[in-house]
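Down below is the structure, laid out as structure tokens.
So you know, we letter chains A, B, ... as the sequences are listed, proteins then strands, and number each from 1.
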2 protein chains.
Amino acid sequence: MLTLREAYQSKEFHTPFSPMRAHQPGCLPAYTPVSLADHLDRAPLRGIEAKDHIFTEGDPKLHIYQVVTGAVCLYKVLPDGRRQVIDFAYAGDIIGLGLSDREGYNAQATVATRVTCMPVSALQVIASKDPGIAMRMCEALSEELTAIRDHLVCVVQRSATERLVTFLLALSRRNKARGRDADTLELPMTRTDIGDFLGLTIETVSRTFSKLKALGLIEIDQGTTIRLIGISELIALADGNTSA
Amino acid sequence: MLTLREAYQSKEFHTPFSPMRAHQPGCLPAYTPVSLADHLDRAPLRGIEAKDHIFTEGDPKLHIYQVVTGAVCLYKVLPDGRRQVIDFAYAGDIIGLGLSDREGYNAQATVATRVTCMPVSALQVIASKDPGIAMRMCEALSEELTAIRDHLVCVVQRSATERLVTFLLALSRRNKARGRDADTLELPMTRTDIGDFLGLTIETVSRTFSKLKALGLIEIDQGTTIRLIGISELIALADGNTSA
DNA sequence: CGATTACTTGAGCCTGTTCAACAACCGTGG
DNA sequence: CCACGGTTGTTGAACAGGCTCAAGTAATCG
């Protein structure tokens, strides 16, 4: 399974439609093709302190953001306060794609974070001029859909241990995709965030970490650094081949 | 909350970008603007018998479909057979939007169903000529994302009763949006499908229906026709104002 | 009309929750 | 430097919601 945001890193962030664009009949762009990522790279930077919100549900959607450093927790709350973390966004991930005029969830930095922010109005202008950008947005949205579907299946069908291990393995795969150590994970969020992501209580998350440690499958430093010992056993665990 | 597919019906299915298109600088369409829905309405019809699959996960994605009559169950399965229903698609709903080259889930007709099917290749040609169509696809994808996020929150955070009532109320709202009776629901799927959608066993679904009936909040005819009695009490139940 | 599939209901069990206490960590200020 | 309070994480014990297993009933279809 993909980390929800991992999809964005799984391909070059340049639209595969760009090469075709200039040759579309009836469409003669007089500008230099620029990818979505290019636009975001140029956008102004904004710093957010740990625990501060970038936006909250219901806010008018004014910008889309790309995380430069740090981590962001995207979540929704039910009327009675129950919280569900939809996704985490890490460096490179884009937040807020979509055409609604309101934010559909809350975005809170879990640690000190920097993001670039680009006005949606600008994006709409660009996208309506440039079908390649619009298609790239479709692509990104489809990948987000694929990822959240996988997460839905995971969280609804899997046991506590399977969920947590799936989460760790997704982070590991993400690390590998970035050329970083696949066995060493930094968790830039609290147990509460992880619990609300996986649909578990903080106690169950903690207990499950302890169990994995006792099984010799992971090591934990200061709560936030995880070292994966037996990747293959962990994969088996995640898939319910329950040796424990 | 929206029924997952309801989003598609919540707005006219004509792109709001159409009026702008002819005036885009550098883009001179020499054809009559046609909406995504128009294209789908013209597409050839295909009949599927109850329990037959339209496609399965991993199949090359060749078409997108629009349900004309009947109902379709979209689901994924884990390696060990656990099943999660992602969504149901009813008349008017579009299945398979997105730019992956493979189907990401299974689509099975729950009852005898007719769909129109349009080749994705045709859609890509249209979308790369017509930024309005591409933007309309983005819009549809965002709505699908919003809906699945809501469903994720519901299924992970809510109790069995809350989930089932939320499901019934979504169907009711959908009926109302179509000008049909909001109090009378047809359930064109089995208890197993409902259970796998809500992350519950068939027994719990059945028991919960019985409980709602005992509370006098619904009536059930032949298992498939539900009549909602106390909408306001049901809404309270769905939000966890647990009078039961 | 019998066979099959779908649904309902019951009883006991299990996973993860709740409630509670405790430990570790961290920044602040004396 | 350490004492202190607040936050975050860990662990234990009892509970409960939904699951499993099992039996029985209703609807459907050849």
Identify which nucleotide among [options] has an atom closest to any side-chain atom of [X], counting heavy atoms from C-beta outward.
X      : options               : answer
A:E203 : C:dA20, C:dT9, D:dG18 : C:dA20
A:T201 : C:dT8, D:dC19, C:dT18 : C:dT18
A:Q222 : C:dC26, C:dT9, D:dT11 : C:dC26
A:K51  : D:dT8, C:dT8, D:dT20  : D:dT8

Let me know the distance between [atom1] of [X] and [atom2] of [N], rounded to the nearest Å.
X      : N      : atom1 : atom2 : result
B:E49  : D:dT28 : CD    : P     : 18 Å
A:D221 : C:dC25 : CG    : P     : 11 Å
B:M189 : C:dT5  : CE    : C1'   : 18 Å
A:Q157 : D:dC19 : CD    : C1'   : 13 Å
B:L164 : C:dC7  : CG    : P     : 13 Å
B:R191 : C:dT5  : CZ    : C1'   : 14 Å
B:I202 : D:dT20 : CD1   : P     : 12 Å
B:R158 : D:dG17 : CZ    : P     : 17 Å

Testing the 3.5 Å rule here: is there a donor-acceptor pair between the side chains of B:D193 and B:T190?
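There is such a pair (donor and acceptor under 3.5 Å, judged by atom type) between the side chains of B:D193 and B:T190.
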Distance-only polar pair, side chains of A:T56 and A:D59, donor-acceptor under 3.5 Å:
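A pair is found: one side chain offers a donor N or O, the other an acceptor, under 3.5 Å apart.
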What is the nucleic acid contact for [X], judged by heavy atoms within less than 4.0 Å: base, sugar-phosphate only, or nothing?
X      : result
A:G195 : nothing
A:S210 : sugar-phosphate
A:T190 : sugar-phosphate

Would you call the rings of B:Y105 and B:F55 parallel, tilted or perpendicular if under 30° counts as parallel and over 60° as perpendicular?
tilted
Fit a plane to each ring of A:H151 and A:F197, take the angle between them on a 0 to 90° scale, and name the class: parallel (under 30°), tilted (30 to 60°) or perpendicular (over 60°).
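Geometry flag for A:F197 against A:H151: parallel rings.
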Test for a donor-acceptor pair under 3.5 Å between the base of C:dT18 and the side chain of A:R207, counting only N and O atoms.
yes
Polar side-chain contact A:R163-C:dG16 base: donor and acceptor under 3.5 Å
no
Considering heavy-atom distances to DNA chain C, does B:T192 or A:V205 have its closest nucleotide positioned more toward the 5' end?
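In this pair, the answer is B:T192.
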Given C:dT17, is OP1 or OP2 found less than 4.0 Å from the side-chain N or O atoms of A:T204?
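Checking A:T204 against C:dT17: at least one side-chain N or O falls below 4.0 Å of OP1 or OP2.
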Using a strict 4.0 Å threshold on nitrogen-to-oxygen distance, state whether B:E57 and B:K76 make a salt bridge.
yes
